[in-house]
Amino acid sequence: MTDKPLSGLRVIERATGVAAAQAGRLMCQMGAEVIMAEPSGGSPLREAPPLLPGGQSALFTYLSLGKRSVVCDPVGPDFQKDLHKLLAEADIFIDDTPVADRTGLALDEATIAREHPHIVHLSVLPFGAFGPKAGWKGDEINLIHAGGEGFLLPNGLTADLFPDRPPLKIAGHFAEMQGGTTAAMAALAALWAGQGQFVDASVQDANVAVGAFAIQRFGDGSVEHRLTRSFKFGGVIECADGYVELLTLETRQWLGLIELLGADDWAQDPELADEVGRSARGAEINQRIRDWARHRKVEDLVAQAQTLGVPMARYNAPEQVLTGLQETARGIFATIDTPDGPVQVQSLPFRFGPDALPVRGTLASLGADQSILSCQPGRRATA
Amino acid sequence: MKPLAGLRIADFTVHAAGPFCTHMLSQMGAEVIKVETALRPDIFRKPHAVYGRQGPATFDQVSSNKLSVRLNLKHPEGVALAKKLVGVADVAAESFRAGVMARLGLGYDILRDVKRDIVMVSVSSSGQTGPESHFAGYAPLFGAWGGLGYLSGHADGPPVEMRHVMDHSVGMHAALATLAALNRRRRTGEGCHVDIAAREVASSLVGDFLTAASAGVSVGRMGNDDMARAPHGLFPTADADRWLSISVSSDAEWKVLAGIIGQPQLADDPRFATQAERHANRRALDAPIGAWSARQGGEAAAERLQAEGIAAHLSWAASDIVADPHMRARGAILDIAETDGKIRAAIGHPARFAGDDAPGITRGTPALGGDEDYVYGELLGLSRAQIGALVEDEAIY
């Protein structure tokens, strides 16, 4: 593929949070021209950790590489003029302005629909733009719990080791990233429909959606809990030099595991012939797996397991992901020069042909593309 | 009209990640035709062992709305019929191990000959290429490979397993990529083969940590802590196993919180005066906040904190979510009648569209092969006699 899938699209992004910026990142890396309309102090994401050694935000670098930047300050005198100029020439408007502030800034659904009927107006908020909690604030830890997955973690080894500790979040911005990806998906669906419209994305809704099985099982009569949502054997297994994940769901994988451990007695045991029987003796099975794995090296174990069709993976540290055999072969990391020196940035986790989409572009300093505001209007959106 | 009305998907996906992709597209109006076979039903269609107990199928949510046809892909006539189906579709989605579709005679090159601008979507654990593309995997393995599992966990504990949200996140990304590919098809007239690698989705969710690590920054597990915010975490309430999440982002919010918990002097304590100081001394904040929260009802405490401008939410179980007036008002949760008449709570749609906010689910789980008259008869134009012969020959099976 010679051109990126969203080439030719223009997106205006007003993002203070990860979810909206993630929606913009996905569109940008797929070829859209994404223009960050930032307040005069810059998006707060510019300061957000983790920080690179020179103090630049790795989070902002990851989320904003390739985007352009104009200062379009809500408290400045030209905000309305500048923003509406930007919107008049854009296809998608991503905005995470709190609902309560929108009308005063003429960023509400009705105003945008009236002034820019062609545009896909993508609202990205923690609890959405509509409903009794539309005004609620939500950071990552609130949202992973509002969406249901927070309550259900951790399982397995961590839950066994620390049964009295509170639930545990997923690393980083998992919930907010789901919100951003879902929002981007919804915006592209609206674009496909061929008409400008308001799209109300909620990080909570996105997380409830990806947590679908919990809602499904509730409908079937069971409320899941982190201490009972564990696979009865396998899971996180400690080795001599790290951890592996082991999960056998199918009988042929169980037979591979027997071969891996040389556990011929298990093969002969009629109680272990099916999953329910194996789970009933899960503690005993797991003890043997743990004792066996403790003195073995991760790399040897994973290679043997996958050869036997046993699903097993190393718990990769970040540097192992960056230099992984598969990741390197697929070319998913690109070296990017930044003011803090060269860093690695991951491409999108999907591709539209044999090669990863190239990660290109620079990290725009605040207002680096201010000249966009003085360009003559010449372009009308196609949405 | 729903945004994807008129779009048709030939859906060969199985298990969790792939079916969730087509489920999302279905909820936004696409017609999804699920290809199944009685020879090897989707393991989620039938009762199966869940965490050691035999449980009901977990098929309903992601198969709602979809149409079902039987098709034996091990039979040459079955493969021929699959091609006919792709011939009338915009998208062909699959989630077998890399290479399986090609071995079945349904690889991208062949499907492109059948339908020149087809968008083929392949969801797999490690991608369609590379030395580990054949690796078997499930959600916990995707998280392990991608670094997400390593980075999740207590600072003094092991990595944490990812669960089905990981699968479904892969499906969500796949749905996004599918729509991007369709957008390009509309512009260029060209289809393409979309390759989604689950482990790459996992690593992309901690892309900021990976970028930091590439510059030599040490990153590791940090439990429920945030890298800047404090107080930040989960606090007990008056009810057992009801945890209150609180996140304080500014000095002003901290002052308010200190007042709410009845410890206004803490706002003036130099240990907590700035965000950096609070973060450095964050463990000393756990006890006074926890002492207050442990006397509160969780929902009331969250509402009070929100009213004062502090981000807070109770840690919710599925039972809380399905009963929530907010989720119900948004149509994010609704009740749906299953084919057997049973009413259950379901997820309504991934987002609200001004153009059409009707529920994203209009019918429940299809019976295996329940839509063959429409698909084989109306869409593909086969006569009853032709369909009967294919059934007899077990090509439709």
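Chain letters run A, B, ... following the sequence lines, proteins first and then strands; every chain starts at 1. The structure presented is a predicted model; accordingly, all values stated were derived computationally and were not measured.
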Is it the side chain or the backbone of [X] that comes within 4.5 Å of chain B heavy atoms, both, or neither?
| X | answer |
| --- | --- |
| A/E327 | side chain |
| A/L26 | side chain |
| A/E140 | neither |
| A/F127 | both |
| A/A48 | neither |
| A/F198 | both |
| A/S7 | both |
| A/F233 | neither |
| A/F130 | both |
| A/L51 | backbone |
| A/L161 | side chain |
| A/I332 | side chain |

With ring pair (Phe, Tyr, Trp, His ring centres under 6.0 Å) as the criterion, how do B/H313 and A/W136 come out once you've worked through the C-alpha distance, each side chain's angles and the decisive distance to 0.1 Å? CA-CA 9 Å; B/H313 203 282; A/W136 277 37; 5.8 Å; yes
Has the side chain of [X] got a donor or acceptor atom that lies under 3.5 Å from a matching backbone atom of [Y]?
| X | Y | value |
| --- | --- | --- |
| A/R351 | A/P354 | yes |
| A/Q178 | A/A206 | no |
| A/N316 | B/G146 | no |
| B/S126 | B/S133 | no |

Structural part of [X] lying under 4.5 Å from a heavy atom of chain A:
| X | answer |
| --- | --- |
| B/K2 | neither |
| B/M24 | side chain |
| B/I321 | side chain |
| B/E190 | neither |
| B/F353 | both |
| B/H173 | both |
| B/V165 | both |
| B/A175 | both |
| B/T178 | neither |
| B/M172 | both |
| B/E161 | both |
| B/R328 | neither |
| B/W243 | side chain |
| B/S125 | neither |

In terms of heavy-atom pairs under 4.5 Å, which option from [options] contacts chain A the most?
| options | answer |
| --- | --- |
| B/Y150, B/F235, B/F209, B/F142 | B/Y150 |
| B/T188, B/I343, B/N183, B/V119 | B/N183 |
| B/L25, B/I336, B/V201, B/D156 | B/D156 |
| B/A197, B/A228, B/A16, B/G143 | B/A197 |
| B/P350, B/A351, B/A215, B/A177 | B/A177 |

At their closest point, which heavy atom of [X] faces which heavy atom of [Y], and how far apart are they?
| X | Y | answer |
| --- | --- | --- |
| B/C192 | A/F352 | CB-O, 3.5 Å |
| B/A212 | A/L52 | CA-CD2, 3.9 Å |
| B/A181 | B/V194 | CB-CG2, 3.8 Å |

How many angstroms lie between CG in B/L182 and CG in B/L4, if you round to the nearest 0.5 Å? 8.5 Å
Just by distance, no angles: are the side chains of A/D200 and A/S123 close enough, under 3.5 Å, to form a donor-acceptor pair? no
Would you say the side chains of B/Q61 and B/H23 form a donor-acceptor pair under 3.5 Å? yes
Please identify, among [options], the residue contributing the most non-hydrogen atom pairs under 4.5 Å to chain B.
| options | value |
| --- | --- |
| A/A146, A/A193, A/P53, A/A113 | A/A146 |
| A/T158, A/L168, A/L188 | A/L168 |
| A/H225, A/Q253, A/K169, A/R165 | A/R165 |
| A/V223, A/T61, A/V208 | A/V208 |
| A/Q326, A/Q204, A/Q344 | A/Q326 |
| A/E319, A/K133, A/M27, A/R278 | A/K133 |

Is it true that B/E253 and A/K137 make a salt bridge, defined as a side-chain N closer than 4.0 Å to a carboxylate O? yes
Any chance CD of A/E47 has more than 12 other-residue heavy atoms, nucleotides or ligands included, within less than 6.0 Å? no
Could you please spell out the steps behind the side chain to side chain donor-acceptor pair (under 3.5 Å) verdict for A/S222 and A/R217? CA-CA 6 Å; A/S222 59; A/R217 293 204 174 103; 5.7 Å; no
